[in-house]
**Q** 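Structure incoming, see below.
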Amino acid sequence: MKTPNTIFSQILHGADYNPEQWPEAIWDEDVRLMQKASVNIATLPVFGWVSLQPAEDVWTFDWLDTVIDKLWAGGISVCLATATASQPAWLDAKYPDVPTTGRDGVKRKHGNRHSFCPNSPNFRRLSTQLVRRLAERYGEHPALQIWHVGNEYGGTCYCDQCGAAFRHWLEHRYGSLEEVNRRWYTAFWGHTFTEWSQIETPTDNGEGSLQALRIDYDRFQSDSLLNCFKAEADVLRQITPNVPITTNLMGTFKTLDYCKWAAELDIVSWDSYPIKDAPAADMAFQHALMRGLKEGQPFLLMEQTPSQQNWQAHNALKRPGIMRLWSYQAMAHGADAIMYFQWRRGRGATEKYHGAIVEHEGTDKPRVFQEVAALGRELKSLGARTLGGRVPARAAILFDWENWWAVEYSSGPSIDLKYVPQCQEYFRALHGLHIPTDIVSPEADLSGYDLIIAPVLTMIKPDIAEKLEAWTQAGGTFVTTFFSGIVDETDRVYLGGYPGPLRRMLGIWAEEIDALTPQQSNSVVFETKFGELAGAYSCRLLCDLIHAEGAAVLATYGSDFYAGTPAVTVNSFGQGQAYYLATALNSEALSGFFAKLCADKAIVPPLPNLPDGVEVVPRVSPSGETLLYLLNHTDQSVEIPLPRDTFQDLLTGQSRLGEVTLAKYGAAILAE
Ligand code: GLA
Ligand code: ZN
C-alpha cells in the first residue's frame, strides 16, 4: 500500500458527483465546469447500485464507463464508491433479510438509505458481488485514485438475525453464559439468564436495565458494520492492492467505535457539517479527533457543503469567505483533500436544497461556484508543498467510544453529564491558548506527549491504568477529572474506592459524588496562586468529595457542607505529576490551569501575542518544513505581528514578512 503521504501530487479538490441523476447531455458540461472550478477528483457513484444492477442478473456499467472516461479525458480522477450505501428496491423485495429493524422492534420497509441489516447474509453476498464487478472493471483505470467503501456507515439493527449473531458474538467473547451473567451483573433485579436464547436485542420494549448489555450491543453492532466494510475491502485489496481504501466517517458519531474502524482504513476521511457560527475550537476538535484515529496521519475532508445544508432546522448560507476559511482550517488540522457534497444540486427529492457547487441555475456565475473555483486555483498553486504534514502536538486528550457509551448509558449521577461536551471543554481551553492538541485513544502510543488529559474516563479497560501510570512515572503530566476510574469494560464498578485503578497515581480517594442542577454552582478556591489562578472560580455539574492521600491540594470547594475540602489536587508520581479536577471548572479557570501546566512543561504556542479569534496551527511536512496556518475567524481584519521578518505567505506569495494582515475570515499559510 502506498502511504498517504505519497499518494497524491496535489491537494485533492473534488465533490460527490451523481451523474445518474442527470441526462447524458449534461455530463460534458459537468466536466467543463469541473475544470473551471479546478476540481481534480469526483466521488461516484455513491448511490448508484440500482443504476449498475437494475435486476439481480442484469448489469449496466456502460454509463459509468462513459462518465469515468469523460472525467479522465478532462483530467479529473475518480474516488470510486462501491455503491453499496443504498440497496435497490428489488433487492429488499426479493430478500426480506436485508432491511433493518428499528429500536422500536419494527421491521423497516424499503426506503431511505443505509438501511441494510449488517448481519444479513444476502446483503453481504450481493454487496461483495457488486464490489468485485466494480474492481474487476475499473481496477486498472488510470482515473482510479481511491476506493470509497459504502457511505457514512451507521444505524443500528435490532432484528432477530442480529440477535442470533449477537449471541454468537457474546459466546466468542465470554466463553459461557455464566461469564456473561457475571460480567453484566445480572444478579441485579433477578436478571440472570439461564439459556442463551433469552438474550435478545435491546429494543425499546425490551431489556433496558443492564447497561453492560447495551454497551456490548453497541460493540457488536459497530463490529457488524465494520465486518460489512471489511468484506468489501477484502475484495478490493485482493484485486487492486495498490489503491487506497477509505470510507467517510462522521467525527463524533456515537455508535461506531472509530478507533477500531481506523485500523481497517488506508486513509481516514470524514464529512464535516458544522452548524452556523460553530466555535472554531469545536470544529478543530472534530478534525483533531479524526486525525488522531491513525496516529496523526493526514486525512481527507471527504465532504463539506459549499454553501448550506438541507437537513438542519435553519440552513444558513456560508457567508462569503467562510467556506475558504473552514477549508484551510481543515488543512491546518491535517486534511490533504478538500471535497464537497455535492457537485450539482439535484432537481428533486430530499437534497434538492442542499448546497452544491453548481446551483440549479446551472452555470459558473453564482457566488458559490466562484468561491469554490477561487479556492481551487489557490489549492492548485500550492502544489504538493502542504501534503503529508503532521501537527506536532505535545498535548493530547484521550477519547474513547466505549467510555462514551458507559458515561451516557449510566443511570446517575447526572443526566447532564455528556461525554463529548466534556472533552470539548478541555480542548477549548488548550485551543484558546494556541497549544496544538491531539485527540487519541487510550490505546494509542502516548510516548510522544508531555501532557495528557483524560476527561471523565469512567471506564478503565484492562492495562490502561498501568499504561498511564508508567507514562506518568516517566515524567508525563497527567490530568483526569471527576467521575473517572469508576467501572471496568463491562460497567462493573471497581471496588475499594474511587477512582479505582487510578487512585494510587492520583493520590486521592473520592468518597462521594454530588450532582448539581443546571441552575446550581459551587466554587473552587485557590488560596495559594497556581500560575495566574488565584481566588474563587465557579464550578458546576458534579462535585466529587475527595480526600488527599498523598496528593497536594491546590484548590478547595467554596461552599456547601464540603466547603474547604479538596477540589483540585496534584500528586507527584515518579518523575511526573498527576492532577485531579474533582469538578467541572469554568472556562477561565481551565484556561489558567492549562496555561500553568503548559508553562511548566515549556509547551508554547507557535506564535506569541495572537489577537482574539485568530487560530494558529503548525504542520510539519515530511521534508521537515514547518508551515503555520493562520486563520482569522472574526469578521474584522486583524494584524498579526511575527517574531521575525523572514516569513513568506504561500497564499499571496508575499515574502520577508514581519507581520501579516488577515482580512475578515482571512487565512495565511506561512513558511520561513
Ligand atoms: C452526508 C452524506 C451525503 C449527503 C450529505 C448531506 O454526508 O454522505 O450523501 O447526504 O450528508 O449533507
Ligand atoms: Zn439485523
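All ligand and atom numbering here is 1-based and tracks the order in the structure. Here the structure is a predicted model, which means the values were calculated and not measured.
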**Q** Evaluate the ring planes of His333 and His287, with Trp represented by its six-membered ring, and classify them as parallel (under 30°), tilted (30 to 60°) or perpendicular (over 60°).
**A** parallel
**Q** List the steps, then state whether salt bridge (Lys or Arg N to Asp or Glu O under 4.0 Å) holds for Glu489 with Arg173.
**A** CA-CA 12 Å; Glu489 60 186 334; Arg173 189 175 170 100; 3.8 Å; yes
**Q** For Thr156 and Gln221, which I'm curious about, is there any donor-acceptor pair between the side chains at under 3.5 Å?
**A** no
**Q** If we count only N and O atoms by modelled type, under 3.5 Å, do the side chains of Thr240 and Trp147 hold a donor and an acceptor together?
**A** yes
**Q** With under 30° as parallel and over 60° as perpendicular, where do the rings of Trp401 and Trp404 fit, or are they tilted in between?
**A** tilted
**Q** For residues Ile267 and Gln297, determine if any side-chain heavy atom of one lies less than 4.5 Å from a side-chain heavy atom of the other.
**A** no
**Q** For ligand 1, would you mind listing the residues that have at least one heavy atom less than 4.0 Å away, ordered by chain and number?
**A** Phe47, Arg113, Asn151, Glu152, Asn248, Asp271, Tyr273, Glu303, Trp311, Phe341, Glu351, His354
**Q** Check whether any side-chain heavy atom of Tyr328 lies under 4.5 Å from a side-chain heavy atom of Leu379, and answer yes or no.
**A** yes
**Q** On the 0 to 90° scale, with breaks at 30° and 60°, tag the Trp184-Phe166 ring pair as parallel, tilted or perpendicular.
**A** parallel
**Q** Please give me the protein atoms (N, O or S only) lying under 2.8 Å from the Zn ion (ligand 2), ordered by chain and number.
**A** Cys117 SG, Cys157 SG, Cys159 SG, Cys162 SG
**Q** Name the orientation class of the two ring planes belonging to Tyr258 and Phe253 (parallel below 30°, tilted from 30 to 60°, perpendicular beyond 60°).
**A** parallel
